[in-house]
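Whatever order the structure lists ligands and atoms in, that order sets their numbers, starting from 1.
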Amino acid sequence: MPQKTIIIAPSILAANFGNLAQAIQMVNESQADWLHLDIMDGVFVPNISFGMPVCQAIQSLAKKPLDYHLMIQAPERYLPVFKELGANSISVHYEACTHLHRQIQTIKDLGCKAGVAINPHTPVSVLEEVIEMIDLVCLMSVNPGFGGQKFIPQSLQKIEKLRNLIEKNNAHALIEVDGGVNANNMQSIIAAGANVLVAGNFVFNSPNPLQTIAEIRTNTTLAKRTTNNDKQHL
Ligand code: DX5
Ligand code: ZN
């Protein structure tokens with residue numbers, strides 16, 4: 001069974017902030033589907049990325065749907081703000097929410113796609129009670145806080161487990177894989193069942209980011225997920 005079209009979400013964190021307009025223009029013209037924005041508060045993660053004024057500038061220039069990844073403690077303080085900042089989807093971290101169910105509901109009430117991000121050490125089973133109500137799971141394949149890290153290989157098994165959880169519950173959540181995605185691992189990531197690829201350094205630190213995005217499109221269109229059905233025939 002051929003995999004549905006993969007969503008490509010370049011992460012603006014890896015762009016040259018001295019020329020953000022050019023980076024966004026490149027994404028606008030590219031075959032990317034979403035623009036991924038990493039918001040870090042220096043508390044939940046040991047790094048601070050960028051804040052509202054920068055998001056506002058990005059919003060005014062970007063033509064692709066904005067995918068906000070909130071690496072912040074108690075994200076409920078800012079959900080309406082990110083809606084105002086053009087969010088198409090908002091992911092909050094499971095580890096940062098005491099009342100995750102309520103935050104998911106708030107994001108949906110705001111009219112955004114609701115996402116939950118999980119750290120590498122967090123088992124996918126914690127999502128069992130909310131999987132049916134969410135639109136997106138941001139599965140962290142590095143420890144959040146920094147771009148340019150190495151993909152954690154165990155993430156592939158987690159993607160498979162999450163795919164099973166989604167199918168078992170007849171849920172519709174997309175699996176977004178975030179961290180260390182590159183040409184060497186994207187085929188396996190898709191084969192494991194991912195729908196959305198976030199790519200920061202692989203795109204923005206390549207000699208020709210526009211072409212790199214086009215190559216991700218080609219590579220992922222050719223990729224094929226090994227379904228249970230396929231496995232039975234192996
Ligand atoms: C890490 C961020 C990622 C990061 C990905 O905390 O959530 O979105 O920007 O960057 P790369 O693709 O360079 O690992
Ligand atoms: Zn991210």
In this structure, would Leu197 and Met140 fall into the same cluster of hydrophobic residues linked by side-chain contacts under 4.5 Å?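 No, it is not one cluster - the side chains of Leu197 and Met140 are not joined through contacts under 4.5 Å.
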
Flag the pair Arg217 and Asp33 as a salt bridge only when some basic side-chain nitrogen lies within less than 4.0 angstrom of an acidic carboxylate oxygen.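 Result for this pair is yes, salt bridge flagged.
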
Hydrogens and angles aside, do [X] and [Y] bring a side-chain donor and acceptor to less than 3.5 Å of each other?
| X | Y | value |
| --- | --- | --- |
| Glu95 | Thr122 | yes |
| Ser155 | Ser141 | no |
| Asp67 | His69 | no |

Partner of Ser11 by side-chain contact (heavy atoms from CB on, under 4.5 Å), out of Val198, Leu37, Leu35: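 The passing option is Val198.
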
Check Cys97, Pro75, Ser91 against Leu70 for a side-chain contact (heavy atoms from CB on, under 4.5 Å) and give me the one that passes.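 Output: one option passes, namely Pro75.
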
On the 0 to 90° scale, with breaks at 30° and 60°, tag the Phe17-Phe50 ring pair as parallel, tilted or perpendicular.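 The arrangement is perpendicular - the two ring planes meet at more than 60°.
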
Once you restrict both partners to nitrogen or oxygen, which atoms of ligand 1 have a protein partner under 3.5 Å, and how far apart are they?
| residue | atom | partner | partner atom | Å |
| --- | --- | --- | --- | --- |
| ligand 1 | 6 (O) | Gly145 | N | 2.8 |
| ligand 1 | 7 (O) | Asp38 | OD1 | 2.9 |
| ligand 1 | 7 (O) | His69 | ND1 | 3.2 |
| ligand 1 | 7 (O) | Asp178 | OD2 | 2.9 |
| ligand 1 | 8 (O) | His36 | NE2 | 3.3 |
| ligand 1 | 8 (O) | Asp38 | OD1 | 3.0 |
| ligand 1 | 8 (O) | Asp38 | OD2 | 2.8 |
| ligand 1 | 8 (O) | Asp178 | OD1 | 2.6 |
| ligand 1 | 8 (O) | Asp178 | OD2 | 3.0 |
| ligand 1 | 9 (O) | Ser11 | OG | 2.9 |
| ligand 1 | 9 (O) | Asp38 | OD2 | 2.8 |
| ligand 1 | 12 (O) | Gly200 | N | 2.8 |
| ligand 1 | 13 (O) | Gly148 | N | 2.8 |
| ligand 1 | 13 (O) | Asn201 | N | 3.0 |
| ligand 1 | 13 (O) | Asn201 | ND2 | 2.8 |
| ligand 1 | 14 (O) | Gly180 | N | 2.8 |

Are more than 12 heavy atoms from other residues, nucleotides or ligands located less than 6.0 Å from atom NZ of Lys64?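 More than 12 within 6.0 Å, yes.
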
Suppose the cut-off is 2.8 Å; which protein N/O/S atoms would you list for the Zn ion (ligand 2)?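 Atoms qualifying: His36 NE2, Asp38 OD1, His69 ND1, Asp178 OD2.
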
